[in-house]
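What follows is a set of notes on a single structure, which appears directly below.
Throughout, a chain's letter reflects where its sequence line sits, starting with A, and its residues are numbered from 1.
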Number of protein chains: 2
Amino acid sequence: MNAIRNIPAGKPNARAKLLDAAIKLVRQNGFSATSVDQICTEAKVTKGAFFHHFASKEALGAAAAGAWTERAEQLIFTLPDWTRMHDPLDRLLTHIDFRAAMIEGSAEDFTCFVGTMVQESFASSDILRAASDASLTAYAERLAEDIEAAIDQHGIVNDIAGGDISALSLAYHVQAVLQGAFILAKAKGSPEIARDNIRHLKHYVSLLFGKEKGS
Amino acid sequence: MNAIRNIPAGKPNARAKLLDAAIKLVRQNGFSATSVDQICTEAKVTKGAFFHHFASKEALGAAAAGAWTERAEQLIFTLPDWTRMHDPLDRLLTHIDFRAAMIEGSAEDFTCFVGTMVQESFASSDILRAASDASLTAYAERLAEDIEAAIDQHGIVNDIAGGDISALSLAYHVQAVLQGAFILAKAKGSPEIARDNIRHLKHYVSLLFGKEKGS
DNA sequence: TGACGCATACCGACCAGTTGGTATGTTATC
DNA sequence: GATAACATACCAACTGGTCGGTATGCGTCA
């Protein structure tokens with residue numbers, strides 16, 4: 001009756017615990033500085049279990065990127081009430097406010113898992129690079145939907161001369177500012193500078209849409 | 001007579017070769033994925049020489065951050081002709097163009113050494129964190145001089161409502177966009193997206209100063 | 001009903017190679 | 001002849017990964 005599917009379900013299994021532990025430790029110390037043993041200890045799981053679920057450390061990293069995508073999708077695009085706002089431009093500006101509000105406490109708690117991982121692995125592991133890219137791309141494409149709608153509804157007042165600003169391009173820019181803000185916050189040991197950067201980002205988007213002031 | 005200072009000078013010594021090798025390899029694979037042996041091999045120097053010049057791998061990393069600061073200062077703020085432009089706003093906009101032009105080829109050749117290093121070490125080594133921060137801060141403060149002058153001379157037309165944009169804050173924003181652009185370029189395996197992000201950055205700065213079009 | 005077969009989940013000792021770092025030299029330079 | 005600049009040999013700890021084993025659950029067929 002309660003047997004659900006191929007994946008056991010029910011109580012938190014070793015696989016999920018390993019994914020969680022990996023995300024936590026990699027955000028703290030990076031991918032290669034995090035050992036398989038550390039991940040197992042953190043997850044309270046043995047090494048045998050680790051290699052039962054994942055063929056290699058690299059495979060775990062790729063799977064963790066997938067888990068990270070799902071987590072972000074829920075936390076940022078689905079659960080919050082403001083995602084149901086009617087005006088797509090309001091949604092976009094509130095999205096930016098929301099991302100700013102997430103930035104507080106220790107850097108390992110608000111920084112991006114895939115952003116950290118891809119920095120170290122882009123040249124050495126195409127699997128990890130591609131998995132990270134997929135996660136970043138999923139976020140950008142999802143965000144681009146709202147931007148596209150905002151452009152349709154309001155139009156961009158201050159476009160780049162000559163070229164036209166695409167929704168996807170602006171979505172990636174949001175992401176770039178976030179990633180860069182994380183690095184500065186890590187360097188300074190304080191989230192303040194990151195929030196200040198996002199102020200600039202919101203100001204830029206407001207200027208693009210000719211919206212003098214949001215909230 | 002030609003003995004210069006505490007640092008031997010003269011021919012390229014082991015210390016300088018180790019610093020160069022470290023910067024190259026860390027940009028490629030990150031700090032902890034780069035071993036002392038690899039650095040020695042790349043620098044064509046033995047391990048004995050390594051630990052003669054540096055007390056530890058961590059100390060090398062900190063020294064490399066210093067070397068990186070000097071390199072950037074020369075390459076970006078001193079050597080190019082455009083740094084002698086009269087109008088500080090022209091200098092600022094050309095600075096941004098210059099940074100965009102630097103982005104081509106492989107990511108390990110245009111990305112930031114300290115940005116990469118601080119990602120992995122901020123939580124585990126305060127020495128590396130502080131050394132990275134010092135390098136990022138030196139860049140931002142130097143850039144803020146031009147921004148300050150540009151504000152004095154031209155004024156910011158489209159300021160953030162309520163708050164005022166400080167030169168240093170905008171300088172850090174430039175840096176954040178660059179760092180974020182590097183991450184996206186690494187993920188995508190192509191510099192294009194990074195350049196596109198810097199287009200947004202230049203557009204933002206242009207809008208702030210009410211300058212419709214640069215070059 | 002129960003015994004059988006088989007798959008999944010997990011355990012932990014073990015392995016060969018690599019890690020950062022040290023100890024003890026030898027060689028060049030002032 | 002002392003001091004800095006290297007070289008070589010070595011080490012204990014740790015690395016990712018393997019491997020033989022066990023415990024448990026589930027479908028099946030008598």
Just the rounded figure in Å: distance from P of D:dG16 to CD1 of A:I39.
8 Å
Under 4.0 Å: is that the gap between some side-chain N or O of A:H52 and OP1 or OP2 of C:dC10?
no
Please report, rounded to the nearest Å, how far the C1' atom of D:dT15 is from the CG atom of A:L25.
16 Å
Distance check needed: C:dG25 P versus B:F51 CZ, whole Å only.
20 Å
For the pair A:E120 (side chain) and A:S32 (backbone), establish whether a donor and an acceptor sit closer than 3.5 Å, ignoring hydrogens and angles.
yes
Please examine the side chains of B:W68 and B:V26, heavy atoms only from C-beta on, and report whether any two atoms are closer than 4.5 Å.
no
Separation of A:K44 atom NZ from C:dC11 atom P, in whole Å?
13 Å
Candidate nucleotides D:dT15, C:dG20, D:dA7, ranked by approach to the side chain of B:V36 - the nearest:
C:dG20
So, is B:H53 close to the D:dC6 phosphate, meaning a side-chain N or O under 4.0 Å from OP1 or OP2?
yes
For the residue pair B:F77 and B:H95, categorise the inter-ring angle as parallel (less than 30°), tilted (30 to 60°) or perpendicular (more than 60°).
tilted
Establish, with yes or no, whether the OP1 or OP2 oxygen of C:dT19 is under 4.0 angstrom from a side-chain nitrogen or oxygen of B:S35.
yes
If each of B:K47 and A:S56 is mapped to the nucleotide of DNA chain D with the nearest heavy atom, which maps nearer the 5' terminus, i.e. the 5' end?
B:K47
Mind calculating the distance between CD1 (B:I127) and P (C:dG20) to the nearest angstrom?
16 Å
Check each of B:S124, B:S125, B:S121 against B:E58 using the side chain to side chain donor-acceptor pair (under 3.5 Å) test, and report the only one that passes.
B:S125
Under 4.0 Å, heavy atoms only, any strand: does A:S32 hit a base, just the sugar-phosphate, or nothing?
nothing
Please classify the nucleic acid contact of B:K57 as base, sugar-phosphate, or nothing, using heavy-atom distances under 4.0 Å.
sugar-phosphate
Between B:D196 and B:R199, does at least one N-O distance fall below 4.0 Å, as a salt bridge requires?
yes
Atom-pair distance (CG on B:N13; C1' on D:dA7), nearest Å:
17 Å
Rounding to a whole Å, what distance do you find between B:F50:CZ and C:dT22:P?
12 Å
In whole angstroms, how far is the P atom of D:dT18 from the CG atom of A:D37?
14 Å
Would you mind classifying the nucleic acid contact of B:T46 as base, sugar-phosphate or nothing, using non-hydrogen atoms under 4.0 angstrom?
base
